[in-house]
Protein chains: 2
Amino acid sequence: MSGNIAAKPLQRAEIAKRTGCNLETVRYYEKVGLLPEPPRTEGGHRAYDANHERRLRFILRARELGFALDEVRTLLRLVDERDAPCGEVRDVAAAHLRDVQTKIADLRRMERVLKETVAQCADGARPECPLVESLFR
Amino acid sequence: MSGNIAAKPLQRAEIAKRTGCNLETVRYYEKVGLLPEPPRTEGGHRAYDANHERRLRFILRARELGFALDEVRTLLRLVDERDAPCGEVRDVAAAHLRDVQTKIADLRRMERVLKETVAQCADGARPECPLVESLFR
DNA sequence: GCTAAGCCCTGTAGTAACTACAGGTGCAAG
DNA sequence: CTTGCACCTGTAGTTACTACAGGGCTTAGC
């Protein structure tokens with residue numbers, strides 16, 4: 001046969017390197033029930049397969065988009081339990097989108113005020129600092 | 001004398017109500033060194049004065065603007081130690097402003113992708129969910 | 001003056017989502 | 001067969017609070 005294509009269905013914990021995820025984070029996801037416990041080698045090392053990696057990538061991508069782990073859990077449950085979870089998944093994502101938009105609005109408010117106050121201090125040499133005063137107001 | 005105007009320089013822990021800050025949070029700020037320990041009544045209750053309230057308002061306002069407690073600590077130290085801390089305070093605030101702007105940029109990226117994927121699921125009835133697929137990608 | 005309600009007290013533990021050890025073993029290459 | 005790296009478990013630390021549990025103080029009403 002040309003190489004050991006089917007001979008190694010299990011990869012080592014290079015899953016971390018392949019996904020760019022910290023190995024301790026992978027174990028954390030296992031501990032909190034987002035990843036299934038993988039089989040072990042005789043020595044007790046975890047042996048992940050392609051499905052673990054696929055699931056981990058799902059988690060990491062959702063995290064990049066700012067989903068909380070609890071939301072990720074919900075999404076994965078929907079994917080695992082339903083055949084066509086599209087509507088429910090969309091609801092979770094839409095709710096998260098609203099959260100993100102709220103956070104953006106909050107941060108923009110902060111940004112505006114910070115800009116104003118920093119600008120008032122532009123010279124940086126006055127005895128009474130307008131920035132400090134505005135914090136004490 | 002017309003009432004006890006100077007007879008009560010110390011207020012009760014109504015400081016919480018007056019500032020809208022949770023009393024347990026006030027004590028937390030004391031524990032982490034942002035607020036000085038106030039004098040106590042004979043019974044051991046904290047007796048705050050106007051300076052405590054002023055300082056607490058500073059903290060709360062800085063928190064509203066998204067300063068981390070460590071940044072607040074720095075700001076308060078500058079205010080306490082220097083006569084004219086304007087320049088240094090401005091530097092801290094400017095650094096924080098950059099953080100805020102980075103966060104806004106991150107969130108807007110999330111927002112854009114979420115909007116796109118949620119829109120792809122608009123009908124919500126397809127067997128293969130584009131949103132789920134994009135998370136698995 | 002006394003009592004009961006309602007504050008306030010201390011200290012600990014819980015939250016989110018990791019991260020960083022310490023102290024020990026497996027494994028694979030040379 | 002040895003050496004060094006990767007992996008193992010479990011605990012504790014991070015941020016900024018919040019939520020108790022189990023008491024003590026205070027004060028308004030009687």
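Numbered from 1 within each chain, the chains take letters A, B, ... in sequence-line order.
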#### Entry: Nucleotide nearest Tyr28(A) when distance is taken to its side chain, options dC8(C), dC18(C), dA16(D)
dC18(C)
### Task
Grab the NE2-P distance between His45(A) and dG26(C) for me, whole Å please.
7 Å
### Message
Rounding to an integer number of Å, can you tell me how far Lys17(A) NZ sits from dA6(D) C1'?
### Response
7 Å
### Message
Whole angstroms only, please: what is the CD-P distance between Glu24(A) and dG13(D)?
### Response
16 Å
### Message
Distance check needed: dC7(D) C1' versus Tyr48(A) OH, whole Å only.
### Response
10 Å
### Query
So does Thr25(B) get a side-chain nitrogen or oxygen closer than 4.0 Å to the phosphate oxygens (OP1/OP2) of dA16(D)?
no
### Message
Expressed as a whole number of angstroms, how long is the span from Leu69(A):CG to dT15(C):C1'?
### Response
13 Å
### Query
Base, sugar-phosphate alone, or nothing: which one does Tyr29(A) contact when heavy atoms must sit under 4.0 Å apart?
sugar-phosphate
### Task
State whether the side chain of Arg73(B) and the backbone N or O of Val32(B) hold a donor-acceptor pair below 3.5 Å, judged by distance alone.
yes
### Query
Within the pair Arg40(B) and dG24(D), is there a side-chain N or O less than 4.0 Å away from OP1 or OP2?
no
### Message
What's Arg27(A) touching, base or sugar-phosphate or nothing? Going by heavy atoms closer than 4.0 Å.
### Response
base
### Query
Does the pair Arg61(A)/Glu64(A) count as a salt bridge with the N-to-O cut at 4.0 Å?
yes
### Task
Let me know the distance between CG of Asp99(A) and P of dA16(C), rounded to the nearest Å.
15 Å
### Query
Is Lys31(B) near enough to dC9(C) that one of its side-chain N or O atoms lies under 4.0 angstrom from OP1 or OP2?
no
### Salt-bridge contact Asp80(A)-Arg55(A) (side-chain N to carboxylate O under 4.0 Å)
yes
### Task
Measure from the side-chain heavy atoms of Leu23(B) and tell me the nearest of dT9(D), dT19(C), dC9(C).
dC9(C)
### Task
Between dC17(D), dT9(D), dT10(C), spot the one nearest the side chain of Arg46(A), thanks.
dT9(D)
### Task
Examine Arg54(B) relative to Phe136(A) and say whether NZ or CZ is less than 6.0 Å from the centre of the six-membered ring and inside a 45° cone about the ring axis.
yes
### Query
Mapping Glu42(B) and Asp70(B) onto DNA chain D by nearest heavy atom, which one lands closer to the 5' end?
Asp70(B)
### Task
Mind calculating the distance between CG (Asn22(B)) and C1' (dA16(D)) to the nearest angstrom?
12 Å
### Query
Given atom CG of Leu56(B) and atom C1' of dC17(D), what is their separation to the nearest angstrom?
14 Å
### Message
Could you tell me if Asp99(B) and His96(B) have a donor-acceptor pair between their side chains, going purely by distance under 3.5 Å?
### Response
no
